[in-house]
Amino acid sequence: MSVKAEEKAHLEGHRWQISSLEFSPDGSLLASGSWDKDVLIWDLYTLETSLTLTGQHAVPVTSVAWFPPDGSLLVTGSADCTACLWSTDSGEMLLRLREHFGWVMGASFAGNGSALATASWDKTVRVWDPATGALLTTLNGHTKGVYSCHFHPVATSTVVPHS
């Protein structure tokens with residue numbers, strides 16, 4: 001099988017390599033996380049940066065994930081061992097999740113938005129309440145770092161980690 005790829009646009013804005021990309025739930029925006037410590041939100045209709053999330057991570061941003069129902073929130077994971085929850089309307093950082101002891105490499109919201117999972121090099125997946133930042137549970141047992149995690153698309157309380 002062959003695949004044809006064609007560049008439609010070139011988005012410039014980051015000062016260093018991009019580590020994570022994710023489309024918003026409606027497909028109109030693209031979030032890009034970078035080793036420059038910033039997250040840029042791109043409007044895919046205008047091909048311009050609509051929002052810059054900066055100043056909360058002192059080291060590379062390693063992951064981004066949108067709040068699934070409406071894209072009103074974005075979570076960022078970082079090499080600073082934290083995840084931050086942001087308002088995509090105002091650009092305000094709402095919560096900082098601090099329980100990991102290794103880089104936060106991945107994040108995923110439950111399909112209904114009721115939970116947030118973060119995956120880390122500390123060999124855990126932690127599940128949080130995105131409304132309060134409360135740690136709900138920690139999934140242990142991995143012998144190596146966990147690079148990503150995803151909620152099952154139908155069974156919204158099932159998290160699948162990848163190490």
Side-chain angles (χ1 to χ4, degrees), residues 1-97 100 102-113 115-121 125-126 128 130 142 144-154 156 158-163:
M1 170 169 71
S2 67
V3 175
K4 183 179 177 186
E6 179 181 340
E7 182 177 314
K8 295 290 186 179
H10 186 83
L11 305 175
E12 291 188 28
H14 283 293
R15 299 175 314 278
W16 207 0
Q17 65 195 21
I18 294 170
S19 53
S20 185
L21 293 169
E22 188 163 322
F23 290 100
S24 64
D26 69 2
S28 67
L29 302 171
L30 177 69
S32 59
S34 170
W35 280 58
D36 65 10
K37 308 171 209 159
D38 294 340
V39 174
L40 301 181
I41 308 294
W42 302 91
D43 181 317
L44 296 179
Y45 296 111
T46 66
L47 302 178
E48 299 290 329
T49 303
S50 64
L51 188 62
T52 300
L53 308 177
T54 190
Q56 295 299 323
H57 293 297
V59 294
V61 173
T62 52
S63 62
V64 295
W66 292 91
F67 184 67
D70 60 8
S72 62
L73 301 173
L74 186 82
V75 64
T76 58
S78 174
D80 64 9
C81 307
T82 70
C84 291
L85 194 62
W86 304 81
S87 163
T88 57
D89 294 327
S90 67
E92 177 186 3
M93 197 269 296
L94 305 172
L95 293 170
R96 181 181 302 275
L97 309 174
H100 281 293
W103 291 24
V104 177
M105 299 301 296
S108 176
F109 284 97
N112 62 7
L116 166 65
T118 54
S120 173
W121 278 1
V125 172
R126 297 182 192 272
W128 314 83
H142 290 273
K144 296 183 179 171
V146 184
Y147 290 87
S148 65
C149 59
H150 297 279
F151 277 91
H152 188 279
V154 177
T156 59
T158 304
V159 179
V160 180
H162 309 275
S163 55

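Everything quoted here is computed from the prediction, not taken from an experiment. Numbers here simply count residues along the sequence, with the first being 1.
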Exercise. Is there side-chain contact between L73 and T88, with heavy atoms separated by less than 4.5 Å?
Worked result: no

For this session: Please answer whether the main-chain N or O of L97 pairs with a side-chain N or O of R126 as donor and acceptor at a distance below 3.5 Å.
Result: no

For this session: Quick one: pull up NZ in K37 and NE2 in H14 and give me the separation to the nearest 0.5 Å.
Result: 13.5 Å

Exercise. Side chains of L95 and V75: does their closest heavy-atom pair fall under 4.5 Å?
Worked result: no

Exercise. Is the closest side-chain donor-acceptor distance between S50 and W42 under 3.5 Å?
Worked result: no

Problem set entry | Side-chain donor-acceptor contact under 3.5 Å, T76 with H57 | yes

For this session: Give the intermediate values and the outcome of side chain to side chain contact (heavy atoms under 4.5 Å, CB included) for residues F151 and N112.
Result: CA-CA 10 Å; F151 277 91; N112 62 7; over 6 Å; no

Exercise. Where do V61 and V64 come nearest, in terms of heavy atoms and distance?
Worked result: CG1-CG1, 4.3 Å

For this session: Check whether any side-chain heavy atom of V39 sits under 4.5 Å from a side-chain heavy atom of L74, and report yes or no.
Result: yes

Exercise. Roughly how far apart are L40 CG and L51 CG, rounded to 0.5 Å?
Worked result: 9.0 Å

Exercise. Once you round to the nearest 0.5 Å, how far does CE of M105 lie from OG1 of T118?
Worked result: 12.5 Å

Exercise. Which class fits the ring pair Y147 and W121: parallel under 30°, tilted 30 to 60°, perpendicular over 60°?
Worked result: perpendicular

Exercise. Got V104 and S78 here, is their nearest side-chain heavy-atom distance under 4.5 Å?
Worked result: no

Exercise. Can you name the nearest heavy-atom pair linking P130 to G113, along with the distance?
Worked result: CG-O, 3.3 Å

For this session: Give, for atom CD of E48 and atom CG of L11, the distance between the pair rounded to the nearest 0.5 Å.
Result: 9.0 Å

For this session: Identify the heavy atoms of A79 and V59 that sit nearest to each other, and give their distance.
Result: C-CG2, 3.3 Å

For this session: For residues D80 and R96, determine if any side-chain heavy atom of one lies less than 4.5 Å from a side-chain heavy atom of the other.
Result: yes

Exercise. Which heavy-atom pair separates W35 from P60 by the least distance, and what is that distance?
Worked result: CE3-CG, 3.3 Å

For this session: Mind checking the CG-OG spacing from L21 to S32? Nearest 0.5 Å is all I need.
Result: 6.0 Å

Exercise. Is a side-chain donor or acceptor of S120 paired with a backbone partner of W103 at a separation under 3.5 angstrom?
Worked result: yes

Problem set entry | Heavy-atom closest pair, residues W86 and Q56 | CH2-CG, 3.3 Å

Seminar exercise, completed: Between C149 and S108 the two heavy atoms that sit nearest each other are O-CB, 3.3 Å

Seminar exercise, completed: When rounded to the nearest 0.5 Å, the distance separating CZ of F23 from CG of L30 is 5.0 Å

For this session: Please collect all side-chain hydrogen bond (donor to acceptor under 3.5 Å, both in side chains) contacts where either partner lies in residues 61-71, sequence neighbours excluded, each pair once.
Result: D70-S72

For this session: Scan side-chain atoms only and decide if D89 and S87 contain a donor-acceptor pair under the 3.5 Å cut-off.
Result: no

